Amino acid sequence: MRKRLLTWFSENARDLPWRRDHSPYRVWISEIMCQQTQVATVLPYFERFLSTYPTIRDLANADENQLMRMWEGLGYYRRARSLHASAKKMAAEHEGEFPDSFEDVLALPGIGRYTAGAILSISRNEAFPILEGNTQRVFSRWIGLTTPPTEKIAQTRLWELSDKMLPRKKAGDRTNGPAGFNQAAMELGALICSPKAPKCDVCPVATMCHANQLGLQAEIPGKISKVQYESRTEIAVVISQAEKYLVRTIPEGVRFAGMIDFPRAGPPEAEDVIGMESWLAEHLGGDVTIGMRLKTIKHAVTRYRMTLHIHLADLAGPNAGDNSDEEHGPLPEPWRWASIDELADMPMSVTGRKIVRLLDRPQRSLFSEI
DNA sequence: AATCCGGGGTA
DNA sequence: TACCCAGGATT
């Protein structure tokens with residue numbers, strides 16, 4: 001199994017940017033970006049990220065807003081915040097270098113057993129096993145494990161197998177060492193041993209595969225429980241004055257933490273337009289009157305099916321006017337006014353960015369499709 | 001063990 | 001629509 005797999009990998013491996021130059025820093029960034037994200041999606045983000053932050057210290061010194069802006073569209077934004085925190089930790093505790101020991105790598109935020117093993121094996125050819133979506137599927141089929149890989153007993157067996165299969169050879173040939181094996185197993189899962197319709201006819205290890213021999217490819221890995229989708233309706237409002245728009249930084253500990261967003265709320269805080277006006281009065285302090293609807297956006301993300309109503313609104317009362325105008329008093333934290341140019345550089349969710357595009361191209365978007 | 005995270009690609 | 005993606009952290 002091992003030799004055939006490694007031979008196949010040496011002849012079929014994709015030419016990925018973190019394989020050509022496999023420094024720990026580059027492999028680390030690639031692994032974080034690839035968490036729950038397909039390789040093809042990651043590629044343009046990876047190149048841009050590495051040119052903006054060529055070293056660990058560059059990342060440690062990065063502006064948080066710019067960093068989040070670089071991540072916009074990749075999702076799971078906590079990954080970017082964990083990257084930043086990790087880089088700062090390396091600058092402070094590891095002289096700006098990627099840590100040496102498995103324990104120190106595992107102690108970094110956003111890095112679990114899989115990612116620590118992947119980084120150290122791929123970058124330094126160290127013999128740590130890995131287990132993720134691809135290898136769960138490859139190994140489960142190989143040994144005919146019908147237990148869903150989410151169950152603890154399956155996890156234990158699969159990690160044991162990943163460790164048992166791993167070549168210990170470190171010196172010399174990376175392709176035949178731990179780096180090669182771990183990547184080969186993942187690559188097989190990505191290119192051949194796919195979730196649906198695996199290409200067993202061209203699989204290098206098909207003759208040794210339990211699932212292939214028994215025709216159980218469709219039953220292995222065992223099915224995990226279905227996703228419970230949830231419909232959700234939210235309201236966002238556009239409040240403008242002097243060609244600036246009212247936005248805020250999302251506080252820590254909630255979705256979109258650290259990103260910029262328009263006033264937005266949904267059930268149970270704001271069930272409808274009236275509820276949204278109450279929400280605005282409470283959070284903003286001024287009298288807000290919600291006006292016409294600009295557009296309704298449907299957005300499917302993770303398990304949510306969101307309908308977002310975007311309304312124009314007017315702000316009156318003590319907080320109207322520029323936030324530097326002391327006669328009117330400043331806007332309460334974390335609210336602020338931002339121009340279109342400023343919004344362009346701020347990190348936003350996908351739906352937040354769609355609102356900006358509505359405002360940026362009013363002649364085409366604002367009054368159509370309403 | 002389940003849920004959250006709030007993006008995207010594919011059949 | 002359903003399912004998956006080089007998962008980790010939290011509860």
Side-chain angles (χ1 to χ4, degrees), chain A residues 13-14 16 18-19 22 27-46 71-83 85-86 105-123 128-138 148-155 162 179 182-191 193-198 218 221 223-232 234 250 253-259 261 264 266 297-306 308 347-354:
Chain A
R14 288 171 290 180
L16 301 176
W18 49 89
R19 284 181 178 159
H22 52 84
V27 174
W28 170 42
I29 301 302
S30 79
E31 286 301 332
I32 300 299
M33 285 188 171
C34 283
Q35 288 173 0
Q36 296 298 289
T37 309
Q38 294 182 0
V39 168
T41 306
V42 164
L43 291 176
Y45 284 87
F46 181 82
W71 207 266
E72 193 179 295
L74 266 184
Y76 300 102
Y77 298 99
R78 187 173 59 184
R79 294 183 293 174
R81 299 161 68 78
S82 296
L83 274 183
S86 293
V105 175
L106 195 60
L108 297 169
I111 295 187
R113 185 179 179 185
Y114 161 75
T115 305
I119 295 170
L120 290 177
S121 63
I122 295 171
S123 67
F128 292 102
I130 59 161
L131 189 67
E132 38 64 72
N134 286 308
T135 43
Q136 279 179 8
R137 187 172 59 253
V138 169
T150 49
E151 294 193 16
K152 187 174 181 179
I153 180 63
Q155 283 290 307
S162 179
N182 282 345
Q183 293 186 88
M186 288 192 283
E187 198 83 334
L188 188 75
L191 301 182
C193 196
S194 42
K196 291 178 181 174
K223 299 308 169 193
I224 55 180
S225 56
K226 277 189 178 180
V227 177
Q228 289 294 320
Y229 292 102
E230 180 180 330
S231 295
R232 185 172 170 82
E234 296 182 355
I250 303 294
V254 296
R255 71 170 182 180
F256 304 135
M259 305 183 82
D261 198 19
R264 178 205 298 241
I297 291 175
K298 288 192 179 297
H299 179 63
V301 58
T302 61
R303 70 181 193 88
Y304 296 96
R305 298 294 176 265
M306 182 159 63
L308 179 64
M348 310 188 88
S349 66
V350 165
T351 49
R353 188 59 62 195
K354 285 181 178 175

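Quick caveat: nothing in here was measured; it's all calculated off a predicted structure. Chain naming here is simple, since letters A, B, ... match the order of the sequence lines and numbering starts at 1 in each.
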Report task. Mind checking A:Ile111 for me? I need base, sugar-phosphate or nothing, with any heavy atom below 4.0 Å counting as a touch. Result -> sugar-phosphate
Report task. Under the side-chain hydrogen bond (donor to acceptor under 3.5 Å, both in side chains) rule, collect the residues that match up with A:Ser86, sequence neighbours excluded. Result -> none
Query - Between C:dG7 (P) and A:Ile224 (CD1): distance, integer Å - result: 12 Å
Query raised in the report: If the sugar-phosphate is the primed atoms plus P, OP1 and OP2 and the base is the rest, what is the B/S/- string for nucleotides 1-11 of chain B, using protein heavy atoms under 4.0 Å?
Result: S--SBBBBS--
Report task. Quote, to the nearest angstrom, the C1' distance that separates B:dC5 from C:dC5. Result -> 14 Å
Ignoring hydrogens and angles, write down the donor-acceptor pairs under 3.5 Å from the side chains of residues 33-44 of chain A, residues two or more places apart or on other chains.
residue, atom, partner, partner atom, Å
A:Gln35, NE2, A:Gly110, O, 3.4
A:Gln35, NE2, A:Thr115, OG1, 3.1
A:Thr37, OG1, A:Met33, O, 3.4
A:Thr37, OG1, A:Gln35, O, 2.9
A:Thr37, OG1, A:Arg79, NH1, 3.2
A:Thr37, OG1, A:Arg79, NH2, 3.4

Requested in this report: Select base, sugar-phosphate, or nothing to describe what A:Trp28 touches, counting heavy atoms under 4.0 Å on all strands.
Outcome: nothing
Requested in this report: Please measure how far the P atom in C:dT11 lies from the corresponding atom in B:dG6, and state the result in whole Å.
Outcome: 15 Å
Query raised in the report: Rounding to a whole Å, what distance do you find between A:Ile32:CD1 and C:dG7:C1'?
Result: 9 Å
Query raised in the report: A:Pro109 and A:Ser82: which non-hydrogen atoms are nearest, and at how many Å?
Result: O-CB, 3.5 Å
Report summary line: Rounded to whole Å, CZ of A:Arg113 lies from P of C:dG8 at a distance of 11 Å
Query raised in the report: Contact class for A:Val227 vs. all strands (heavy atom < 4.0 Å): base, sugar-phosphate, or nothing?
Result: nothing
**Report entry** Separation of atom CG in A:Asn134 from atom C1' in C:dC4, rounded to whole Å
**Finding:** 10 Å
Query - Criterion salt bridge (charged side-chain N to carboxylate O under 4.0 Å, His left out) on A:Arg303 and A:Glu230, from CA distance to verdict - result: CA-CA 6 Å; A:Arg303 70 181 193 88; A:Glu230 180 180 330; 3.1 Å; yes
Query - For atom OH of A:Tyr114 and atom C1' of C:dC5, their distance in whole Å - result: 11 Å
Query raised in the report: Atom CZ of A:Arg79 to atom P of C:dG8: distance rounded to whole Å?
Result: 11 Å
Query raised in the report: With a 4.0 Å cut-off on heavy atoms, is A:Arg264 in touch with a base, just the backbone sugar-phosphate, or nothing at all?
Result: nothing
Requested in this report: Only counting residues at least two apart or in another chain, list the ones meeting ring pair (Phe, Tyr, Trp, His ring centres under 6.0 Å) with A:Tyr114.
Outcome: none
Query raised in the report: When we call it a touch if two heavy atoms are under 4.0 Å apart, what does A:Glu132 touch: a base, just sugar-phosphate, or nothing?
Result: sugar-phosphate
Report task. Calculate the interatomic distance between A:Lys298 atom NZ and C:dT1 atom C1'; express it in whole Å. Result -> 15 Å
Report task. May I have the distance from A:Ile29 (atom CD1) to C:dG7 (atom P), rounded to whole angstrom? Result -> 16 Å
Query raised in the report: If each of A:Val39 and A:Lys226 is mapped to the nucleotide of DNA chain C with the nearest heavy atom, which maps nearer the 5' terminus, i.e. the 5' end?
Result: A:Lys226
**Report entry** Integer angstrom distance from the C1' of B:dG8 to that of C:dA9
**Finding:** 22 Å
Requested in this report: Can you sort out the partners of A:Asp261 under side-chain hydrogen bond (donor to acceptor under 3.5 Å, both in side chains), two or more places apart, ordered by chain and number?
Outcome: A:Arg264
Query raised in the report: Counting heavy atoms not belonging to A:Lys226, are there more than 12 under 6.0 Å from its NZ?
Result: no
Requested in this report: Please work out if A:Leu16 contacts a base, only the sugar-phosphate, or nothing of the nucleic acid, heavy-atom cut-off 4.0 Å.
Outcome: base
Query raised in the report: Which residues pass the salt bridge (Lys or Arg N to Asp or Glu O under 4.0 Å) test with A:Arg78, sequence neighbours left out?
Result: none
